[in-house]
Amino acid sequence: MTNTDSRTEFDAKAAETGANATRYFQEKAKAVGETDAARVHAIATDALSAFHDVIAKHQVTYEEYDALKAWIIRVGEDGEWPLFLDVFIEHAVEASVNADRRGSKGSIEGPFYVPGAPELGAEGTMPMRDDEPGTPLDFGGTVTDLDGDPLAGATVELWHCDDNGYYSQFAPGLPEWNLRGTFTTGADGRYLAHTIQPSPYQIPHDGATGAFIRTAGLHAWRPAHLHLKVVAPEHQLITTQLYFEAGDYLDSDVAAAVKPELVLSPTAKADGSGNEVTYDFILDPA
Ligand code: DHB
Ligand code: FE
């Protein structure tokens, strides 16, 4: 099957991607603790009253109210709540939660993280197909504390889509751990991943989220990005993303998750075998 064929096949399957994202999220949600009733009251009453204000401001009609109800039901039927919320809401949660960090900037996790990716040591090649399309990329650096001292035993989990914009375990037809790996730093705090550069990513758009995006006059694209979770003993986990200088959609990310500090500038390797770039993570103490 050519890549073109698989894209056509996958394009018809936002519901499948959505269903997978919902299934993974439900697994993770089992670990969510009790909600605090006083906070639920405070947040829910404010959220409802913000909604009421919008309705009053725009003089929303019964027809529009019913269209909203029908659409909300469809998002659930398509399994797209993880996709919709991570694109349109998560960035505000991330900004609030990480506001006081002094180390590396965070960004959204998105719906496609899977724990337990293969362990590759301090340096390794990401699981990929023999003919994995895309420009090879050497991505490495150091994990340090706020003083710049290297952190040994830090784990760097890296996951990203392929050259066609597909994530393993969510799009069909990819090896289970394709382009997902876990690196562990040694005494020098260094990690080095051999991978390929991901392409810009279009969120699944043939379901309810796509209908919303079209009707609201938005577009479905995210700029090309690497996803990361980095943590070390006695230091806080940072979940973030890294982007590529001069890439498409950097200024119009549908998920509003780009920060200037998170944009990489890869250079061509001297031997012509692809690109290389470094990024040093700085972790806040626990
Ligand atoms: C979505 C996908 C991503 O790869 C991402 O980083 C954020 C959101 C999504 O489809 O919702
Ligand atoms: Fe992503």
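Note that ligands are numbered from 1 as they come in the structure, with each ligand's atoms numbered from 1 the same way.
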Considering the heavy atoms of I203, write down every atom of ligand 1 situated less than 4.0 Å from one of them. 9 (C), 10 (O)

Atom 8 (C) of ligand 1: nearest protein contact (heavy atom, Å): P111 CD, 3.4 Å

Would Y167 count as a contact residue for ligand 1, given that I'm defining contact as a non-hydrogen atom of the residue lying under 4.0 Å from a ligand atom? yes

Looking only at distances, please establish whether an N/O atom of ligand 1 is found under 3.5 Å from an N/O atom of L83. yes

With ring centroids as reference points, do H160 and Y166 lie under 6.0 angstrom apart? no

Would C161 count as a contact for the Fe ion (ligand 2), in the sense that one of its N, O or S atoms lies under 2.8 Å from it? no

Considering distance alone, does some N or O of R222 sit under 3.5 Å from an N or O of ligand 1? yes

Side chains of E132 and N178: donor-acceptor distance under 3.5 Å anywhere? yes

Looking only at side chains, do Y243 and Q241 share a donor and an acceptor under 3.5 Å apart? yes

Going by atom types alone, do E80 and T209 pair a side-chain donor with an acceptor below 3.5 Å? yes

Is L83 linked to F88 within one hydrophobic cluster, defined over Ile, Leu, Val, Met, Phe, Trp and Tyr using a side-chain heavy-atom separation of less than 4.5 Å? yes

Close approach of H227 to ligand 1, heavy atoms, under 4.0 angstrom: yes

Three-point angle H227:NE2, the Fe ion (ligand 2), Y167:OH, rounded to the nearest 10°: 90°

Does at least one non-hydrogen atom of A21 fall below 4.0 angstrom from an atom of ligand 1? no

Answer yes or no for H225: is there a heavy-atom contact with ligand 1 below 4.0 Å? yes

Under 4.0 Å from a heavy atom of Q241: which atoms of ligand 1 are those, numbered in the order shown and with their elements? 6 (O)

Please list, in number order, the atoms of ligand 1 under 4.0 Å from a heavy atom of P204. 10 (O)

Any idea which protein heavy atom is nearest atom 2 (C) of ligand 1, and the distance to it? Y201 CE2, 3.3 Å

Do the rings of Y201 and H225 sit parallel, tilted or perpendicular, given the 30° and 60° boundaries? perpendicular

Do we see a donor-acceptor contact under 3.5 Å between the side chains of E157 and H227? no

Establish, from distance only, whether the side-chain atoms of N20 and Q169 form a donor-acceptor pair under 3.5 Å. no

Taking D53 first and then K57, would you say they form a salt bridge - that is, a charged N and a carboxylate O separated by under 4.0 Å? no

